Amino acid sequence: MKKMVCAALLAALGAVSATAAESFQVSYWFGVPDSTVDSTVEGLKLGLPISSGNGLVDGAEIGITGSTTANIDGFQWCLVGPSWAKTVDGMQFSWANFAEKSMSGVQLAFFNFSNQGGIQIGLFNNSNDNAEYQFGLLNFNTNGWFPFMPFFNMAGEKQPEIAAAGETAE
């Protein structure tokens, strides 16, 4: 009986997501259904079990084993897997968070990785380019106050890039 109720619920959620793709969407796997690949969701996107896509979630993305929509403007959460996005303007919350290009907001997880910016709270925090603040056991921040600090680190002044031979610095 429980299996039938779950199947009916999933079918109903799929039907609702097909009719209201702008405010609610359900994703089952990477690119399944096709309508989730390049879509914009202004509301809630559910991953049962994985939410993915190249589009934008302006609201909340919630996944069971993975939340991996490329652009997040709001909240991204995953129950037992990672949260990954190219750009995040808001919050990521899971076991491991990845912001590939930029992070403007907060990452809260055991492991946090951002290419640029953000506030990171976790055991292990890594930023390639100036996370604003890092609170954790191990904090790596390439352009931070120090490149490595236990417990706390913060953004430092960006170092000027050295001009290649024959180029003039501006």
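Just so you know, these numbers come straight off a predicted model, no measurement behind them. Quick note: numbers below take in every heavy atom, side chains included, and nothing from hydrogens, waters or symmetry partners.
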For [X] and [Y], work out which heavy atoms get closest and say how close.
{"X": "Q92", "Y": "F98", "answer": "NE2-O, 3.2 Å"}
{"X": "V26", "Y": "P33", "answer": "O-CD, 3.6 Å"}
{"X": "S114", "Y": "M103", "answer": "CB-CB, 3.9 Å"}

### Task
Using the six-membered ring wherever Trp is involved, compare the ring planes of F135 and F152 and label them parallel, tilted or perpendicular (cut-offs 30° and 60°).
tilted
### Task
Under the side-chain hydrogen bond (donor to acceptor under 3.5 Å, both in side chains) rule, what do S39 and Q25 come out as? Steps first, then yes or no, please.
CA-CA 9 Å; S39 64; Q25 193 174 79; 3.0 Å; yes
Under a 3.5 Å cutoff, is there a donor and acceptor pairing between the side chains of [X] and [Y]?
{"X": "S27", "Y": "K45", "answer": "no"}
{"X": "S127", "Y": "Q120", "answer": "no"}
{"X": "N153", "Y": "N141", "answer": "no"}

Nearest 0.5 Å, please: how far is [atom2] in [Y] from [atom1] in [X]?
{"X": "T36", "Y": "I50", "atom1": "OG1", "atom2": "CD1", "value": "11.5 Å"}
{"X": "I72", "Y": "L56", "atom1": "CD1", "atom2": "CG", "value": "7.5 Å"}
{"X": "L46", "Y": "I62", "atom1": "CG", "atom2": "CD1", "value": "6.0 Å"}
{"X": "L48", "Y": "T65", "atom1": "CG", "atom2": "OG1", "value": "9.5 Å"}
{"X": "S52", "Y": "E61", "atom1": "OG", "atom2": "CD", "value": "8.0 Å"}
{"X": "N143", "Y": "N130", "atom1": "CG", "atom2": "CG", "value": "5.0 Å"}

### Message
The criterion is side chain to side chain donor-acceptor pair (under 3.5 Å); which residues satisfy it with D73, sequence neighbours excluded?
### Response
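Applying side chain to side chain donor-acceptor pair (under 3.5 Å) to D73 gives none.
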### Task
Taking side chain to side chain donor-acceptor pair (under 3.5 Å) as the test, write out the residues that go with N126, two or more places apart.
none
Hey, is the main chain of [Y] close enough, under 3.5 Å, to the side chain of [X] for a donor-acceptor pair?
{"X": "T68", "Y": "S51", "result": "yes"}
{"X": "S67", "Y": "W77", "result": "yes"}
{"X": "S94", "Y": "C78", "result": "no"}

Does any part of the side chain of [Y], heavy atoms only, come nearer than 4.5 Å to the side chain of [X], both counted from C-beta?
{"X": "E100", "Y": "N115", "value": "no"}
{"X": "L108", "Y": "M91", "value": "yes"}
{"X": "Q134", "Y": "M149", "value": "no"}
{"X": "F93", "Y": "F75", "value": "yes"}

### Query
Take atom CZ in F148; do more than 12 heavy atoms of anything else shown fall under 6.0 Å from it?
yes
#### Entry: side chain to side chain contact (heavy atoms under 4.5 Å, CB included) against A109, all qualifying residues, sequence neighbours excluded
N97, N112
### Message
Once side chain to side chain contact (heavy atoms under 4.5 Å, CB included) is applied, do any residues pair with T87, and if so which ones, sequence neighbours excluded?
### Response
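Side chain to side chain contact (heavy atoms under 4.5 Å, CB included) check on T87 returns N71, K101, S102.
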### Set of residues satisfying ring pair (Phe, Tyr, Trp, His ring centres under 6.0 Å) with respect to W29, sequence neighbours excluded
none
#### Entry: Set of residues satisfying ring pair (Phe, Tyr, Trp, His ring centres under 6.0 Å) with respect to F146, sequence neighbours excluded
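Partners of F146 by the ring pair (Phe, Tyr, Trp, His ring centres under 6.0 Å) criterion come out as none, since no residue qualifies.
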### Query
With hydrophobic residues grouped by side-chain heavy-atom distances under 4.5 Å, do W84 and V37 end up in a single group?
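Different clusters: W84 never reaches V37 through Ile, Leu, Val, Met, Phe, Trp or Tyr contacts under 4.5 Å.
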#### Entry: F113 and F124 aromatic centres sub-6.0 Å
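Ring-ring flag for F113/F124: true, centres closer than 6.0 Å.
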